[in-house]
Amino acid sequence: KRTVGLSVDFSAMNVLGFACYAVYNASLFWSPYIQSLYRQNHAAGESIPVRSNDVAFALHAFVLSSITLGQIWYYDGFGTSQTKM
């Protein structure tokens, strides 16, 4: 099995991006301190824009992109060859 054609950089950036997105959503969803900071900087009565499905998506995407990156490492050891144009 090979992972030729699947970019290591793209997969690594997905893991990093979804990790940051998950931290942002989880923090705004569960942290009373961060929620109070949000309320201080936004209009009165405005609800927190993060819902449970946002947190679930971010965590799910992080886990699956991590699995994809792990498969690249397992099958090719991050040694995918670059295509020459």
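No hydrogens, no waters, no symmetry mates; every other heavy atom, side chains included, goes into these values. None of these values were measured; they are calculated from a predicted model.
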Hey, could you give me the [atom1]/[atom2] distance between [X] and [Y], rounded to the nearest 0.5 Å?
{"X": "F29", "Y": "I34", "atom1": "CZ", "atom2": "CD1", "value": "13.5 Å"}
{"X": "H42", "Y": "S47", "atom1": "NE2", "atom2": "OG", "value": "11.0 Å"}
{"X": "I48", "Y": "R39", "atom1": "CD1", "atom2": "CZ", "value": "4.0 Å"}

Practice item. Check whether any side-chain heavy atom of L28 lies under 4.5 Å from a side-chain heavy atom of P49, and answer yes or no. Key: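 The answer is yes, as the side chains (C-beta and beyond) meet within the 4.5 Å cut-off.
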
Review point. If we only count heavy atoms from C-beta on, is the T68 to L6 side-chain gap below 4.5 Å?
Key: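 Yes - at least one pair of side-chain heavy atoms lies under 4.5 Å apart.
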
Output side-chain donor-acceptor pairs under 3.5 Å for residues 12-27, partner residues at least two apart or in another chain, one line each.
from	atom 1	to	atom 2	distance (Å)
N25	ND2	Y21	O	3.4
S27	OG	V23	O	2.7

Review point. Given the rule that I, L, V, M, F, W and Y join up when any side-chain heavy atoms are under 4.5 Å apart, are Y33 and V50 in one cluster?
Key: yes

Check your understanding: Closest heavy-atom contact between I72 and S7?
Key ->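 Distance-wise, the nearest heavy atoms are CD1-O, 4.3 Å.
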
Practice item. Indicate the atoms forming the closest heavy-atom contact of L37 with N41, along with that distance. Key: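 Closest heavy-atom pair between L37 and N41: O-ND2, 3.1 Å.
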
Output a table of donor-acceptor pairs, distance under 3.5 Å, between side-chain atoms of residues 59-66 and any protein atom two or more places apart or on a different chain; print 'none' if there are none.
from	atom 1	to	atom 2	distance (Å)
S65	OG	A61	O	2.9
S65	OG	F62	O	3.1
S66	OG	F62	O	2.8

Practice item. Mind checking side chain to side chain donor-acceptor pair (under 3.5 Å) for E46 and listing every partner two or more places apart, or none if nothing turns up? Key: Y38

